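In this text, all values refer to a predicted model and were calculated from it rather than measured experimentally.
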Amino acid sequence: AAGAFGMSPIRRSLDRAVLDRLIILTNTPPAGTPDDARSLARANLVTVEKRIGSVLLVRAAGMDEATKAFLDESRARIKRALAAQTVVMG
């Protein structure tokens with residue numbers, strides 16, 4: 001649709017790479033990763049999940065299909081990662 005909100009494929013790829021890294025640092029950090037890095041990665045995931053939720057709430061109606069699918073997928077991945085960390089960290 002004309003004027004639809006959307007993210008470019010390059011932006012989505014970059015955001016996926018960042019999300020991948022944050023999830024790794026949160027749930028399966030490489031040996032020697034400082035505890036603070038893990039905590040900061042988790043905090044970033046929480047913040048990103050909240051921001052995605054806000055964007056989907058406010059702008060979903062005018063969003064292109066690829067962007068909405070990307071944001072939905074990203075939000076689901078973050079929720080799974082945070083739930084897995086809760087189980088691992090117990």
Side-chain angles (χ1 to χ4, degrees):
F5 170 73
M7 298 168 67
S8 73
I10 292 171
R11 174 63 189 262
R12 291 192 303 268
S13 292
L14 177 62
D15 285 352
R16 274 189 193 96
V18 170
L19 188 56
D20 290 345
R21 200 67 171 137
L22 290 172
I23 289 170
I24 288 167
L25 285 171
T26 299
N27 291 337
T28 55
T33 300
D35 289 340
D36 284 347
R38 187 178 194 157
S39 297
L40 289 168
R42 184 188 185 288
N44 275 277
L45 286 175
V46 170
T47 298
V48 170
E49 193 276 327
K50 288 178 184 176
R51 286 182 181 169
I52 290 172
S54 295
V55 168
L56 287 171
L57 186 65
V58 173
R59 301 189 78 172
M63 194 174 291
D64 71 56
E65 187 175 1
T67 297
K68 184 172 183 327
F70 165 73
L71 293 174
D72 284 337
E73 173 195 15
S74 296
R75 193 171 189 203
R77 288 182 64 207
I78 292 169
K79 287 180 178 185
R80 283 193 308 269
L82 293 173
Q85 190 209 21
T86 301
V87 171
V88 170
M89 297 300 287

Please lay out, stage by stage, how I52 and R75 fare under the test side chain to side chain contact (heavy atoms under 4.5 Å, CB included).
CA-CA 7 Å; I52 290 172; R75 193 171 189 203; 4.0 Å; yes
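Open room surrounds CZ on R59; 12 or fewer heavy atoms of other groups in view lie less than 6.0 Å from it.
For the residue pair T67 and D64, a side-chain donor N or O sits within less than 3.5 Å of a side-chain acceptor on the partner.
In this structure, CZ in R42 is found 10.0 Å from OG1 in T47, a value given to the nearest 0.5 Å. In this structure, S74 OG and R51 CZ are separated by 14.0 Å, a value rounded to the nearest 0.5 Å.
Annotation: side chain of V55 is in contact with side chain of M63 (closest heavy-atom distance under 4.5 Å). Annotation: side chain of L45 is in contact with side chain of L19 (closest heavy-atom distance under 4.5 Å).
Note on I23 and L25: separate hydrophobic clusters, where clusters join Ile, Leu, Val, Met, Phe, Trp and Tyr whose side-chain heavy atoms are under 4.5 Å apart, directly or indirectly. Criterion: ILVMFWY side-chain heavy atoms under 4.5 Å apart, direct or through other members. Under it, V18 and L71 are part of a common hydrophobic cluster. When hydrophobic clusters are built by joining Ile, Leu, Val, Met, Phe, Trp and Tyr residues whose side-chain heavy atoms come closer than 4.5 Å, directly or via intermediates, L56 is grouped together with V46.
No donor-acceptor distance shorter than 3.5 angstrom exists from the side chain of T33 to the backbone of P29, with no hydrogens or angles considered. Between the R12 side chain and the M7 main chain, a donor and an acceptor come within less than 3.5 Å of each other.
Using a cutoff of 4.0 Å between basic side-chain nitrogens and carboxylate oxygens, D20 and R16 are not scored as salt-bridged.
Between N27 and A81, the closest heavy-atom pair is ND2-O, 3.0 Å.
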